[in-house]
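Pasting a structure here, questions to come.
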Amino acid sequence: MEKAASFGATLLILLALLASEFRGSMAQWMPASATFYGGSDASGTMGGACGYGNLYKDGYGMKNTALFNSGSSCGTCFQIVCDASRSPWCKKGTSITVTATNYCPPNYNLPNDNGGWCNPPRKHFDMSQPAWETIAIYRGGIVPVYYRRVSCQRTGGIRFTISGRDYFELVLTSNVGGSGVVSGMWIKGSNTDWMVMSRNWGMNRQSLAYLNGQSLSFRMQTDDGQVKTAYNVAPSAWKFGETYATSIQF
C-alpha cells in the first residue's frame with residue numbers, strides 16, 4: 001500500500017506540473033506572422049495533415065491555422081492579434097482564436113523573410129481567409145502578429161470517427177475542448193480490458209484488436225494532464241466510417 005500511495009502522489013504531482021505548464025503558456029504572448037489561404041468561404045482549408053475532414057462537421061469551423069509541430073499541436077487553440085505598431089494592414093482592437101488543424105509546408109527555395117514564411121524555425125500562421133480578415137485587411141497579404149495558447153471552447157461533446165477494417169480501428173478524436181490536444185488514448189470493448197492506442201498520424205489513433213460487435217468506450221488524456229472517459233460511445237452495432245458524438249467534454 002505504501003508503494004501505491006507513493007505512486008499516486010507522484011502522479012498527482014506530475015499532473016499538477018503539466019497543468020501549471022499549460023496555464024503558464026497561456027499567459028505568454030509570442031511574435032509571429034500570418035498569411036491566409038483557401039478563399040473567402042474557407043473551403044480550401046478543409047481536410048489537412050491533422051486528419052480532420054470537414055472542419056465544420058468536426059467542430060472547428062473556419063477559424064483554423066497550420067502551426068503543426070509534427071502533428072502534436074493538432075487541436076491546439078491560439079489567440080492571435082495583429083501588431084498594428086508594425087503594419088498598416090492590421091485591424092486595431094481585434095483578435096481571433098484559431099485551432100491548429102493543418103501543416104504549413106516550408107518552401108526552401110525562398111528565404112524565410114520573403115516567401116518562405118513557413119520555413120523553420122520561423123513561427124507562422126497560415127489561416128483561412130475569413131479568420132485572417134478578422135484581424136487584418138485583405139490587401140496586406142502578410143502581417144506581423146502576436147499569439148498565445150488559450151483554452152479551447154467547444155460546442156457540444158467530443159466526437160469519435162472510426163475508420164479502418166477488422167483488427168484495425170483508426171479513431172479520429174475531434175471537437176476537443178480544454179487544452180484541445182489529446183496526448184494519450186485508450187480503447188475498451190465491452191468484452192475487453194482497456195488497451196492503449198498508438199498515434200497513427202495527426203489526431204488519428206489506432207488499435208489492432210478485433211472489436212466488431214462490441215460496444216466501444218474511450219479514455220483520453222490531454223497534454224495538460226486532464227483525463228476523461230466516455231463509456232459505450234459506439235454501440236455494439238457500430239460501423240466503420242461513422243462518427244459517434246458524446247456529451248463528454250474537457
Side-chain angles (χ1 to χ4, degrees), residues 15 18 22 45-65 68-77 98-103 151-250:
L15 293 180
L18 287 169
F22 175 56
T45 63
M46 297 298 173
C50 286
Y52 308 123
N54 185 307
L55 296 177
Y56 294 103
K57 178 181 177 182
D58 290 335
Y60 299 112
M62 65 180 65
K63 300 175 181 178
N64 56 80
T65 183
F68 190 63
N69 195 24
S70 299
S72 62
S73 289
C74 292
T76 307
C77 292
V98 300
T99 303
T101 62
N102 204 350
Y103 173 62
S151 181
C152 299
Q153 305 299 317
R154 305 296 184 204
T155 300
I158 299 167
R159 303 166 192 170
F160 302 90
T161 301
I162 307 172
S163 303
R165 59 185 184 277
D166 296 349
Y167 293 99
F168 176 62
E169 295 81 28
L170 187 66
V171 180
L172 169 67
T173 308
S174 59
N175 201 46
V176 180
S179 100
V181 178
V182 177
S183 60
M185 189 165 165
W186 297 259
I187 189 171
K188 182 184 184 304
S190 51
N191 298 325
T192 74
D193 293 327
W194 286 102
M195 297 173 285
V196 177
M197 303 187 76
S198 58
R199 190 161 76 93
N200 187 292
W201 65 280
M203 276 292 104
N204 287 281
R205 282 180 164 76
Q206 68 181 40
S207 167
L208 301 179
Y210 184 79
L211 298 174
N212 297 36
Q214 301 182 52
S215 60
L216 303 180
S217 302
F218 298 99
R219 180 167 292 157
M220 303 140 288
Q221 180 173 350
T222 49
D223 65 350
D224 62 345
Q226 300 297 308
V227 177
K228 295 284 185 178
T229 302
Y231 291 101
N232 300 315
V233 173
S236 58
W238 63 267
K239 296 179 181 179
F240 291 108
E242 295 292 325
T243 298
Y244 300 90
T246 74
S247 59
I248 302 297
Q249 190 55 271
F250 286 94

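Position 1 is the first residue of the sequence, and the numbers go up from there. As a basis for the values below, the full set of heavy atoms in this structure was taken, side chains included, without hydrogen atoms, waters or symmetry mates.
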Open item on the list: Show the nearest heavy-atom pair for residues Cys152 and Gly75, with the distance to one decimal.
Closed with: SG-O, 3.4 Å

Task: Side-chain touch Leu170/Trp201, heavy atoms, less than 4.5 angstrom - done: yes

Task: Smallest separation among heavy atoms of Ile162 and Ala234, with atom names - done: CD1-CB, 4.1 Å

Task: Tyr210 OH to Arg165 CZ distance, which is reported to the nearest 0.5 Å - done: 13.5 Å

Open item on the list: Within the 4.5 Å heavy-atom criterion, are Leu216 and Val233 side-chain neighbours or not?
Closed with: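 A side-chain contact under 4.5 Å is absent here.
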
Task: Straight-line distance of Tyr231 OH to Ser190 OG, nearest 0.5 Å - done: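 Answer for the OH-OG pair, Tyr231 versus Ser190, is 14.0 Å.
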
- [ ] Tell me, with the steps shown, if Met185 and Val171 meet side-chain contact (heavy atoms from CB on, under 4.5 Å).
- [x] CA-CA 10 Å; Met185 189 165 165; Val171 180; 3.7 Å; yes

Task: Residue pair Gly202 / Cys74: nearest heavy atoms and the distance that separates them - done: CA-SG, 4.3 Å

Open item on the list: Looking at every non-hydrogen atom in both residues, tell me the closest pair between Met220 and Phe250 and how far apart they are.
Closed with: O-CZ, 3.8 Å

Open item on the list: Tell me if a side-chain donor or acceptor on Gln249 pairs with a main-chain N or O of Gly156 at a distance below 3.5 Å.
Closed with: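 Yes, because the side chain of Gln249 sits within donor-acceptor range (under 3.5 Å) of the backbone of Gly156.
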
Open item on the list: With side chain to side chain donor-acceptor pair (under 3.5 Å) as the criterion, how do Thr99 and Arg154 come out once you've worked through the C-alpha distance, each side chain's angles and the decisive distance to 0.1 Å?
Closed with: CA-CA 11 Å; Thr99 303; Arg154 305 296 184 204; 3.2 Å; yes

Task: Verdict with reasoning, Ser174 to Arg159, per side chain to side chain donor-acceptor pair (under 3.5 Å) - done: CA-CA 5 Å; Ser174 59; Arg159 303 166 192 170; 5.5 Å; no

Open item on the list: Checking the side chain of Gln214 only, and the main-chain atoms of Asn191 only, is there a donor and an acceptor separated by less than 3.5 Å?
Closed with: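 Looks like yes, one N/O pair under 3.5 Å.
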
TODO: Find out whether Val176 and Val182 are in side-chain contact, i.e. whether some heavy atom of one side chain is under 4.5 Å from a heavy atom of the other.
DONE: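 Val176 vs Val182: side chains touch.
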
TODO: Please tell me if the side chains of Phe240 and Ser163 come closer than 4.5 Å, counting only heavy atoms from C-beta onward.
DONE: no

Open item on the list: Would you say that Phe168 contacts Leu208 through its side chain, given a criterion of any heavy-atom pair below 4.5 Å between the two side chains?
Closed with: yes

- [ ] Give the intermediate values and the outcome of side-chain contact (heavy atoms from CB on, under 4.5 Å) for residues Met203 and Thr173.
- [x] CA-CA 6 Å; Met203 276 292 104; Thr173 308; 5.7 Å; no

Task: Contact summary for Ser179 and Asp223, nearest pair of heavy atoms - done: OG-OD1, 2.6 Å

- [ ] For the pair Arg219 (side chain) and Trp194 (backbone), establish whether a donor and an acceptor sit closer than 3.5 Å, ignoring hydrogens and angles.
- [x] no

TODO: Decide yes or no on side-chain contact (heavy atoms from CB on, under 4.5 Å) for Leu172 and Asn204, but give the supporting numbers first.
DONE: CA-CA 4 Å; Leu172 169 67; Asn204 287 281; 3.4 Å; yes

Task: Distance in Å, Glu169 CD paired with Ser207 OG, rounded so as to fall on 0.5 Å steps - done: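 The CD atom of Glu169 sits 4.5 Å away from the OG atom of Ser207.
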
Task: Closest approach of Gly157 to Asn175 (non-hydrogen atoms, all atoms of both residues) - done: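 Taking Gly157 first and Asn175 second, the nearest heavy atoms are O-ND2, 2.9 Å.
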
TODO: Return yes if some donor-acceptor pair links the side-chain N/O of Gln206 with the main-chain N/O of Ser198 below 3.5 Å, else return no.
DONE: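 No; judged by distance alone, with no hydrogens or angles, the pair does not exist.
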
Open item on the list: In this structure, is the centre-to-centre distance between the rings of Phe160 and Tyr244 below 6.0 Å?
Closed with: no

- [ ] For the pair Thr161 (side chain) and Thr243 (backbone), establish whether a donor and an acceptor sit closer than 3.5 Å, ignoring hydrogens and angles.
- [x]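 No: the side chain of Thr161 does not pair with the backbone of Thr243.
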
- [ ] Start with the C-alpha distance between Asn212 and Asp166, add both sets of side-chain angles, then the distance that settles side-chain contact (heavy atoms from CB on, under 4.5 Å), and finish with yes or no.
- [x] CA-CA 7 Å; Asn212 297 36; Asp166 296 349; 2.8 Å; yes

